[in-house]
Amino acid sequence: MNLINTFLNVQVLADSLPQLMWGLVVTLKIGVTSILFGLVGGLVLAVGRLYAPFFVRILIRGYVDICRSVPLLVLLIVVYYALPFVGIRLSPFVSAVTALSLVSAAYTSEIFRAGIEAIPNGQFEASAALGLSNRHTMVDVILPQAIRIVIPPLTNNCINVMKDTALASVVAMPDLLKQATQAQALSANPTPLIGAALIYIALLWPMTAVVARLEKHLSRGTR
Amino acid sequence: MEKQARPLISVRGLTKAYGTFRVLHGIDLDIAEGEVVCVIGPSGSGKSTLIRCINHLEAFAEDSRITVDGIRVEPGPDLAKVRAEVGMVFQSFNLFPHMTVLKNVMLAPMRVRKIPAPEAERRARQLLARVGISEQAEKYPGQLSGGQQQRVAIARALAMEPKVLLFDEPTSALDPEMVGEVLDVMRTLAGTGVTMVIVTHEMGFARQVADRVIFMDGGRLVEVGEPSEIFDAPREERTRGFLRAVLNH
Ligand SMILES: Nc1ncnc2c1ncn2[C@@H]1O[C@H](COP(=O)(O)OP(=O)(O)OP(=O)(O)O)[C@@H](O)[C@H]1O
Ligand SMILES: [Mg+2]
């Protein structure tokens, strides 16, 4: 009983819920924005990595490798606390979205690249033989097939981005985690933190389920 | 040869190497409009490579020269133009698995020839009827048999109204009972004056439809002639040996 009162105090939870919900909205804003930027950036990087001139490919490869090896927290702190020294002052929101998008684009590009490379060469050849331009080959033939392949790893990446939004709390972003820690300090009770954890789970668990369904739907008509 | 019109396809000194390994050794070949040419020869003799050079699916030596309807085949802005005029049917069909049969046939005319969708659909349905698969128009390639898929692939190539159709062993991946239906479609095409270059192991078919048969070996055109010349009275020992091997097999 005492344990429940400590960790899942209904009164404290009810009091902090509005605050947590505000935090959730912020978390969603950061997460969704970063995911979208990451997807677009990743697609551009992937196509560039495969088809751009040699030196561009090298640059992209360097970018991707660096982004994958720098800890996100470090990148975020650099963006928020170090860039002002060179005159670039970004708001907490923009800092968080920038760091998350940069890294997400790197991971996403690797996922897209693998997806494109998994398409049999015969699909490229058939497109070329029909006289399709590179753009139409990509848009009409290759990417629709690659999408099916990349949905599972892409989902994982989206879920990771959503989780990593919690890091934004270190740059004073009032996201779900930040709100929870503040509520916890205010009420001198850890319940808001548990509440936040449950909200994260409630948010991300269905995401995996939705995508599993989507995947099944998309695989219709393929061999 | 009555009148010597400009050949539809002209191949001059075609050389192709993978690294230092020479696959084609200076091939010269002219193909006239309306001609049906069958290419036969042992595995690895360069048959696929030869026809894949015609639409530049394979790059070839720069001093080689191929023209299709007067346009030089080379990387650059004219290549798409050449490819639009050169249809190709692959051994493994290479249909687009995420599109219905109808969409497979409509795609290139819409994107390359900028034909409006309703018109493209009307023509696609006509072509599907012509290859005998009208009923399957709304299905996906994966739901069709190999023979049906290859007929769709032929319809897809025809939809661009190409000046020439290239076939790379179109029946080699098919179960034996489906070979006939695909050959029938090709035979009909040959009868309607479509220019065709066909790499095939179907000797009976080659003898029947070809205006000219080319026997390749070791990256060279060893013998070129009418079917009766090649099959009944081959001059080259290598041709005789090859035919003996495939016909007794
Ligand atoms: N990508 C490649 N890299 C290296 N060598 C290749 C490549 N593709 C083909 N070759 C070689 O080129 C030669 C000609 O190949 P090609 O596919 O044109 O022969 P083919 O006459 O079509 O044979 P098949 O009847 O088996 O299809 C072969 O010796 C083959 O091993
Ligand atoms: Mg071959």
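Proteins come first, then strands; the chains are lettered A, B, ... in the order of their sequence lines, and each starts at number 1. Any value given below was found using the heavy atoms of this structure, including those in side chains, with hydrogens, waters and symmetry copies removed.
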So how far is it from [X] [atom1] to [Y] [atom2], rounded to the nearest 0.5 Å?
{"X": "B:L107", "Y": "A:L130", "atom1": "CG", "atom2": "CG", "answer": "7.5 Å"}
{"X": "B:R83", "Y": "A:S127", "atom1": "CZ", "atom2": "OG", "answer": "10.0 Å"}
{"X": "B:M160", "Y": "A:L132", "atom1": "CE", "atom2": "CG", "answer": "7.5 Å"}
{"X": "B:M110", "Y": "A:H136", "atom1": "CE", "atom2": "NE2", "answer": "9.5 Å"}
{"X": "B:R52", "Y": "A:E125", "atom1": "CZ", "atom2": "CD", "answer": "4.0 Å"}
{"X": "B:H98", "Y": "A:I142", "atom1": "NE2", "atom2": "CD1", "answer": "8.0 Å"}

Query - Beyond-backbone contact of B:M99 with A:P144, side-chain heavy atoms, under 4.5 angstrom - result: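 Sidechains of A:P144 and B:M99: no contact.
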Step through the shown structure and confirm whether more than 12 heavy atoms of other residues, nucleotides or ligands are within 6.0 Å of [atom1] on [X].
{"X": "B:E85", "atom1": "CD", "result": "yes"}
{"X": "A:N134", "atom1": "CG", "result": "no"}
{"X": "A:F37", "atom1": "CZ", "result": "no"}
{"X": "B:R12", "atom1": "CZ", "result": "yes"}
{"X": "A:R61", "atom1": "CZ", "result": "no"}
{"X": "B:Y18", "atom1": "OH", "result": "yes"}
{"X": "B:K103", "atom1": "NZ", "result": "no"}

Query - Heavy-atom pair with the smallest gap, counting every atom of B:N55 and A:A129 - result: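 Smallest interatomic distance, heavy atoms only, reads ND2-CB, 3.8 Å.
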**Report entry** Residue pair A:A128 / B:L57: nearest heavy atoms and the distance that separates them
**Finding:** CB-CD2, 3.9 Å
Query raised in the report: With a 4.5 angstrom heavy-atom cut-off, which part of B:F96 approaches chain A: side chain, backbone, both or neither?
Result: both
